[in-house]
Colleague: 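Sharing a structure below in structure tokens format, with a few things to ask.
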Amino acid sequence: MQSTFVAHIREQAATYGDTRLYTYLREQGRELIEQSASYRELDRDARAMAVWTRERSSRRWPFCLRR
């Protein structure tokens, strides 16, 4: 078992790579569109978000990520 959640997810990304992790269904008009995410995609996007957040963070101006 890994010591942190991040280490665990990185290990999963290294082990399972392009294996489908999640499948999302979203509405487009009257249809449901399937979108999948792999461990590798999730890891890549999380790292990109961490860089983006680090570049914009400031102790003086905190911010909140919203969807």
Side-chain angles (χ1 to χ4, degrees):
M1 177 120 182
Q2 295 296 320
S3 60
T4 66
F5 178 74
V6 172
H8 173 72
I9 295 300
R10 286 183 180 164
E11 181 179 305
Q12 297 301 308
T15 302
Y16 298 107
D18 293 320
T19 302
R20 185 184 318 193
L21 174 63
Y22 292 107
T23 299
Y24 305 93
L25 295 176
R26 65 177 177 84
E27 289 184 49
Q28 185 173 10
R30 298 183 77 165
E31 296 182 46
L32 289 177
I33 306 298
E34 181 180 297
Q35 290 181 302
S36 298
S38 68
Y39 283 96
R40 185 167 286 127
E41 291 168 329
L42 187 64
D43 183 56
R44 179 199 64 219
D45 292 349
R47 288 172 189 257
M49 184 183 292
V51 170
W52 184 88
T53 303
R54 190 176 317 119
E55 290 172 351
R56 287 157 181 79
S57 67
S58 168
R59 292 180 187 266
R60 190 168 169 210
W61 299 103
F63 64 94
C64 178
L65 298 175
R66 292 180 47 187
R67 180 170 190 232

Colleague: Answer yes or no: is there a side-chain heavy-atom contact under 4.5 Å between L32 and R26?
Modeller: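 SC-SC contact between L32 and R26 ruled out.
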Colleague: If the condition is salt bridge (Lys or Arg N to Asp or Glu O under 4.0 Å), which residues does R47 pass it with, not counting sequence neighbours?
Modeller: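 R47 satisfies salt bridge (Lys or Arg N to Asp or Glu O under 4.0 Å) with D43 only.
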Colleague: Report the hydrophobic cluster partners of L42, with the cluster defined as I, L, V, M, F, W, Y residues connected by side-chain heavy atoms closer than 4.5 angstrom, directly or transitively.
Modeller: Y16, L21, Y22, Y24, Y39
Colleague: Mind running side-chain contact (heavy atoms from CB on, under 4.5 Å) on V51 and E55 for me, showing each step along the way?
Modeller: CA-CA 6 Å; V51 170; E55 290 172 351; 3.4 Å; yes
Colleague: What's the spacing between D18 CG and S36 OG if we round to 0.5 Å?
Modeller: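 D18 atom CG to S36 atom OG measures 12.0 Å (nearest 0.5 Å).
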Colleague: Examine distances only and state if a side-chain atom of E41 and a backbone atom of S38 form a donor-acceptor pair shorter than 3.5 Å.
Modeller: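 Yes; at least one donor-acceptor contact below 3.5 Å.
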Colleague: Quick check: are there more than 12 heavy atoms from other residues, nucleotides or ligands sitting under 6.0 Å from CD of E34?
Modeller: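 Yes, CD of E34 has more than 12 neighbouring heavy atoms, counting only those of other groups under 6.0 Å.
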